[in-house]
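Notes for the one structure printed next.
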Amino acid sequence: MGKVFVFDHPLIQHKLSYIRDKKTGTKEFRELVDEIATLMAFEITRDLPLEEVEVETPVGVAKTKILSGKKLGVIPILRAGLGMVDGILKLIPAAKVGHIGLYRDPKTLKPVEYYVKLPSDVEERDFIVVDPMLATGGSAVEAIECLKKRGAKNIRFMCLVAAPEGVKAMEEAHPDVDIYIAALDEKLNDHGYIVPGLGDAGDRLFGTK
Ligand code: PRP
Ligand code: URA
């Protein structure tokens with residue numbers, strides 16, 4: 001079974017409180033999502049493999065470590081996942097970025113796929129799929145299915161706010177995928193929105209309705 005990690009770092013929790021606030025406007029919302037994504041990327045990369053190197057300092061030789069050059073890919077689920085990409089790339093700038101376009105049909109709440117563009121070497125990369133919201137879980141489950149069908153083997157999922165229903169759906173569909181969350185909320189409402197959540201992440205990021 002995949003593990004579920006809830007990041008309770010004070011800075012993440014502080015910034016999350018502001019994006020939950022309905023009075024927070026688009027500009028600030030976007031900046032905060034970017035900052036939270038960076039902080040989460042710091043936590044999620046804790047286990048990146050290192051290799052030993054020797055570096056000549058002005059005083060001697062240091063036996064030290066650098067990243068071993070693991071190939072990483074970041075996959076935002078469009079649209080709202082886009083808001084997290086730059087924040088992650090600040091820490092792992094060499095990662096390739098693929099895109100999976102899904103929207104949730106408002107009546108059925110099922111995801112509808114409209115765009116897929118991935119790095120050519122999918123089979124060799126480790127992926128972080130990102131989306132601010134994990135509600136019913138339909139979109140994340142579908143996006144990860146799409147990646148696996150094309151050969152991806154090592155996938156993590158990172159989101160800001162999750163509902164228990166979405167976590168359960170992910171655990172059932174993709175037990176091999178670890179889930180990284182900033183907050184695990186109470187439930188979904190009748191329209192499939194996370195309660196208390198933060199509303200429609202895509203609309204709040206891009207100023208649409
Ligand atoms: C939102 C959100 C997730 C999805 C979560 O996207 O960004 O992708 O809903 O819901 P689920 O877990 O029930 O599938 P939306 O479909 O509103 O599209 P958008 O990002 O283009 O606004
Ligand atoms: N998508 C969102 O953007 N917000 C929710 O609460 C649920 C799905």
Side-chain angles (χ1 to χ4, degrees), residues 2 4 6 15-34 36-37 40 73-88 97-118 127-148 155-175 177-209:
V4 180
V6 181
K15 290 171 193 295
L16 191 62
S17 299
Y18 282 91
I19 61 168
R20 284 185 187 278
D21 190 335
K22 65 180 183 186
K23 296 192 293 301
T24 298
T26 302
K27 175 179 178 288
E28 203 186 344
F29 188 92
R30 202 181 283 147
E31 288 166 358
L32 287 164
V33 168
D34 179 79
I36 296 170
M40 292 184 80
V74 179
I75 309 288
I77 301 178
L78 307 181
R79 280 177 304 167
L82 284 175
M84 299 171 72
V85 174
D86 286 351
I88 297 170
V97 180
H99 296 86
I100 297 181
L102 298 173
Y103 71 87
R104 199 170 73 148
D105 183 291
K107 287 210 178 73
T108 65
L109 301 184
K110 299 279 177 236
V112 181
E113 184 180 299
Y114 60 88
Y115 186 75
V116 178
K117 188 79 177 175
L118 302 176
F127 287 99
I128 308 171
V129 175
V130 299
D131 191 323
M133 310 305 279
L134 179 67
T136 65
S139 304
V141 166
E142 179 79 12
I144 290 166
E145 192 59 47
C146 165
L147 261 181
K148 285 185 176 173
I155 304 169
R156 296 163 185 219
F157 178 72
M158 179 169 130
C159 71
L160 305 188
V161 183
E165 293 88 334
V167 172
K168 185 163 178 278
M170 277 285 289
E171 286 176 336
E172 283 170 8
H174 300 297
V177 173
D178 289 345
I179 304 171
Y180 300 81
I181 299 170
L184 182 58
D185 274 13
E186 198 186 317
K187 59 178 183 183
L188 295 178
N189 69 13
D190 293 344
H191 304 286
Y193 276 84
I194 300 175
V195 181
L198 50 77
D200 188 306
D203 283 346
R204 295 199 62 192
L205 266 170
F206 296 109
T208 51
K209 192 89 181 71

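Remember, it's 1-based here, ligands and their atoms both numbered in the order they're listed.
- Val129 pairs in a side chain to side chain contact (heavy atoms under 4.5 Å, CB included) with only one of the listed residues (Val74, Ile144, Ile100), which is Ile144.
- The side-chain heavy atoms of Tyr115 and Leu78, taken from C-beta on, include a pair separated by under 4.5 Å.
- Within the 4.0 Å cut-off (strictly below), no protein heavy atom is located near atom 6 (O) of ligand 1.
- Shown in contact with Gly137 at under 4.0 Å from a heavy atom are these atoms of ligand 1, numbered in order with element: 11 (P), 12 (O), 13 (O).
- Cation-pi contact between Arg20 and Phe29: absent, since separation from the ring centre below 6.0 Å together with deviation from the ring axis within 45° is not met.
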(message) Between Val195 and Asp185, is the side-chain contact (heavy atoms from CB on, under 4.5 Å) condition met? List the steps.
(response) CA-CA 7 Å; Val195 181; Asp185 274 13; over 6 Å; no
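- Of all the atoms in ligand 2, the ones that sit under 4.0 Å from a non-hydrogen atom of Arg104 are 7 (C), 8 (C).
- Between Ala80 and ligand 1, at least one pair of N/O atoms sits closer than 3.5 Å.
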(request) Step by step, work out the side-chain contact (heavy atoms from CB on, under 4.5 Å) result for Leu188 and Tyr193. (result) CA-CA 5 Å; Leu188 295 178; Tyr193 276 84; over 6 Å; no
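- For ligand 2, the atoms sitting less than 4.0 Å from at least one non-hydrogen atom of Ala135 are 7 (C), 8 (C), numbered in the order shown with element in parentheses.
- In the displayed structure, Phe206 atom CZ is contacted under 6.0 Å by more than 12 heavy atoms of other residues, nucleotides or ligands.
- Annotation: atom 10 (O) of ligand 1 to nearest protein heavy atom, Arg104 CD, 3.4 Å.
- Residue contacts with ligand 1: Leu109 is excluded, as none of its non-hydrogen atoms falls under 4.0 Å.
- Here the heavy atom of the protein found nearest to atom 22 (O) of ligand 1 is Arg79 NH2, 2.9 Å.
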(message) Let's go through Glu113 and Glu142 carefully: what are the C-alpha distance in whole Å and the side-chain angles of both, what is the deciding distance for side-chain contact (heavy atoms from CB on, under 4.5 Å) to 0.1 Å, and is it a yes or a no?
(response) CA-CA 8 Å; Glu113 184 180 299; Glu142 179 79 12; 4.0 Å; yes
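- One finds a salt bridge joining Asp21 and Lys23 here, because a Lys/Arg side-chain nitrogen approaches an Asp/Glu carboxylate oxygen to under 4.0 Å.
- Near Leu78, meaning under 4.0 Å from any of its heavy atoms, are these atoms of ligand 1: 20 (O).
- Here the protein heavy atom with the shortest distance to atom 5 (C) of ligand 2 is Tyr193 CD2, 3.4 Å.
- Protein heavy atom at the shortest distance from atom 13 (O) of ligand 1 is Thr136 OG1, 2.5 Å.
- Close N/O approach between Met133 and ligand 1 is not found [any backbone or side-chain N/O within under 3.5 Å].
- Under the 4.5 Å side-chain criterion, counting only non-hydrogen atoms from C-beta, Ile19 is in contact with Leu16.
- Atom 14 (O) of ligand 1 has as its closest protein heavy atom Ser139 OG, 2.6 Å.
- Within ligand 1, the atoms closer than 4.0 Å to a non-hydrogen atom of Tyr103 are 16 (O), numbered from 1 in the order shown.
- Among Arg79, Met133, His191, Arg204, the residue whose heavy atom lies nearest to atom 2 (C) of ligand 2 is Met133.
- For ligand 2, the atoms lying closer than 4.0 Å to a non-hydrogen atom of Gly192 are 7 (C).
- The shortest contact between atom 17 (O) of ligand 1 and any protein heavy atom is with Asp200 OD2, 4.1 Å.
- Protein heavy atom in closest approach to atom 3 (C) of ligand 1: Asp131 OD2, 3.0 Å.
- Across Leu118, Val130, Ile128, a single residue satisfies side chain to side chain contact (heavy atoms under 4.5 Å, CB included) together with Ile75, and that is Leu118.
- At a 3.5 angstrom cut-off on N or O pairs, Asp203 does not count as close to ligand 1.
- Residue Met170 holds its CE atom at 14.5 Å from CD of Glu165, rounded to the nearest 0.5 Å.
- At least one N or O atom of Ile194 sits closer than 3.5 Å to an N or O atom of ligand 2.
- In this structure, of Ala80, Gly197, Gly199, the residue bringing a heavy atom nearest to atom 4 (N) of ligand 2 is Gly199.
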(request) Could you walk me through whether Asp203 and Arg79 pass salt bridge (charged side-chain N to carboxylate O under 4.0 Å, His left out), step by step? (result) CA-CA 9 Å; Asp203 283 346; Arg79 280 177 304 167; 3.1 Å; yes
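- For the atom pair CD1 (Ile179) and CZ (Arg156), the distance works out to 12.5 Å, reported to the nearest 0.5 Å.
- Under a 4.0 Å criterion applied to the non-hydrogen atoms of Ala201, ligand 2 contributes the atoms 2 (C), 3 (O).
- Of all atoms in ligand 1, listed by their number and element, those nearer than 4.0 Å to a heavy atom of Gly202 are 22 (O).
- Going from atom NZ of Lys15 over to atom CG of Leu160 covers 13.0 Å, rounded to the nearest 0.5 Å.
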